[in-house]
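The structure presented is a predicted model; accordingly, all values stated were derived computationally and were not measured. Residues take their numbers from the sequence shown, with the count starting at 1. Every number for a ligand or one of its atoms is a count from 1 in the order of the listing.
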Amino acid sequence: GPMIKLSNLSKTYGSGPGAVQALKTIDLEVPEGAIHGVIGLSGAGKSTLIRCVNLLERPTTGSVRVDGQELTELSGAALNQARHQIGMIFQHFNLLSSRSVYANVALPLELMGVNKTEIRERVAPLLDLVGLADKRDQYPSQLSGGQKQRVAIARALASRPKVLLCDEATSALDPHTTGAILDLLQDINRRLGLTILLITHEMEVVKRICHRVGLISGGELVEEAEVGDFFTAP
Ligand code: ADP
Ligand code: ADP
């Protein structure tokens with residue numbers, strides 16, 4: 001089956017006259033190993049959609065399956081466990097400023113109770129993978145935006161997830177740095193077989209690395225296609 005399967009997903013914020021229906025009956029399947037993009041304008045529901053995949057937002061109705069496991073039925077420790085399968089990166093990186101590069105990447109492993117020796121053995125290759133081995137003792141304030149996102153990618157991979165969620169991961173970066181981060185994500189997809197779901201408002205992002213793309217508008221997925229077909233001029 002697909003690595004990610006969203007079925008009949010809806011999300012309403014608030015209730016009564018002020019309620020906002022951010023997602024309406026979303027159906028989405030992402031096969032294992034794919035890079036799938038969801039593109040749309042501001043307010044279309046992209047962020048809500050991607051945050052429903054790891055239950056940072058609880059859907060109002062519908063099903064979220066990741067690697068065959070229904071996540072909406074989980075809470076507490078079982079949900080935390082399932083989230084180890086799902087890494088996430090963000091537009092503004094969300095690094096801890098008081099922690100070194102090394103300690104940011106080590107954090108999820110510390111929270112999982114991995115012992116210090118194994119943490120050291122796992123963090124070093126992650127820093128190599130993202131090209132930051134020589135920055136391990138620096139702090140986020142000493143890094144460029146692209147370097148910060150590399151740290152965030154290494155941290156997201158620390159729990160050895162099967163899925164990586166990218167929430168506007170290159171929107172705060174200049175075009176050159178954006179290209180380098182997208183190349184890194186593509187490299188990780190190929191080398192680790194990681195399934196990637198990304199949201200963006202930028203067509204260039206989709207064109208550069210996605211296999212399939214869905215267009216979201218007003219909380220609905222209104223079109224989906226292979227990237228080559230999606231951008232073919234009429
Ligand atoms: P996008 O990521 O495409 O910009 P969002 O998912 O952030 O879209 O927002 C979709 C809709 O849901 C918008 O109308 C937005 O104002 C609304 N929304 C998002 N988050 C909240 C929230 N926490 N409370 C109320 N409304 C929200
Ligand atoms: P904190 O101030 O939160 O303890 P630190 O930067 O001191 O953050 O590091 C957190 C953990 O990571 C500690 O266990 C520390 O020993 C370990 N650590 C930090 N940097 C390195 C490094 N370069 N090599 C090995 N372990 C490190």
Side-chain angles (χ1 to χ4, degrees), residues 2-30 34-66 71-72 74-75 79-80 82-83 86-95 145 148-149 152-153 155-156 161 163-175 177-178 181-182 185 195-225 227 230-231:
M3 181 56 73
I4 302 171
K5 184 168 162 63
L6 309 179
S7 309
N8 198 27
L9 197 75
S10 74
K11 172 70 183 182
T12 303
Y13 291 108
S15 58
V20 175
Q21 195 172 9
L23 296 177
K24 303 167 186 169
T25 62
I26 297 280
D27 291 301
L28 176 66
E29 289 191 12
V30 182
I35 305 181
H36 191 102
V38 173
I39 191 166
L41 298 174
S42 179
K46 302 181 295 295
S47 180
T48 302
L49 174 63
I50 203 162
R51 291 164 62 87
C52 280
V53 177
N54 58 5
L55 263 65
L56 283 182
E57 294 288 354
R58 276 239 168 227
T60 307
T61 64
S63 154
V64 177
R65 283 184 177 271
V66 175
L71 298 190
T72 60
L74 304 179
S75 61
L79 179 57
N80 270 337
R83 280 181 175 144
I86 311 170
M88 190 167 190
I89 59 173
F90 305 90
Q91 179 172 4
H92 297 296
F93 323 121
N94 297 8
L95 300 179
K148 286 180 196 167
Q149 195 59 292
I153 290 168
R155 180 181 59 182
V163 169
L164 180 65
L165 305 176
C166 306
D167 183 347
E168 297 278 6
T170 54
S171 297
L173 304 175
D174 64 62
T177 308
T178 291
I181 292 295
L182 294 176
L185 292 174
T195 305
I196 297 180
L197 176 63
L198 68 83
I199 61 163
T200 183
H201 63 279
E202 293 174 308
M203 293 215 249
E204 293 308 317
V205 168
V206 167
K207 278 187 185 169
R208 184 152 177 151
I209 64 164
C210 291
H211 305 150
R212 275 183 84 77
V213 58
L215 175 66
I216 188 169
S217 173
E220 293 181 274
L221 278 174
V222 293
E223 203 181 324
E224 200 190 291
V227 166
F230 195 79
F231 289 109

>> For ligand 1, give me the residues whose heavy-atom distance to it is below 4.0 Å, by chain and number please.
In response: Tyr13, Val20, Ala22, Leu41, Ser42, Gly43, Ala44, Gly45, Lys46, Ser47, Thr48
With a 4.5 Å cut-off on side-chain heavy atoms, are [Y] and [X] touching?
X      : Y      : result
Arg83  : Leu55  : yes
Val227 : Val206 : yes
His201 : Ser171 : yes
Ile35  : Cys210 : yes

>> Is a donor from one side chain sitting under 3.5 angstrom from an acceptor on the other, for Ser10 and Thr61?
In response: yes
>> Quick check: closest heavy atoms across Lys46 and Gly40, and the distance to 0.1 Å?
In response: NZ-O, 2.9 Å
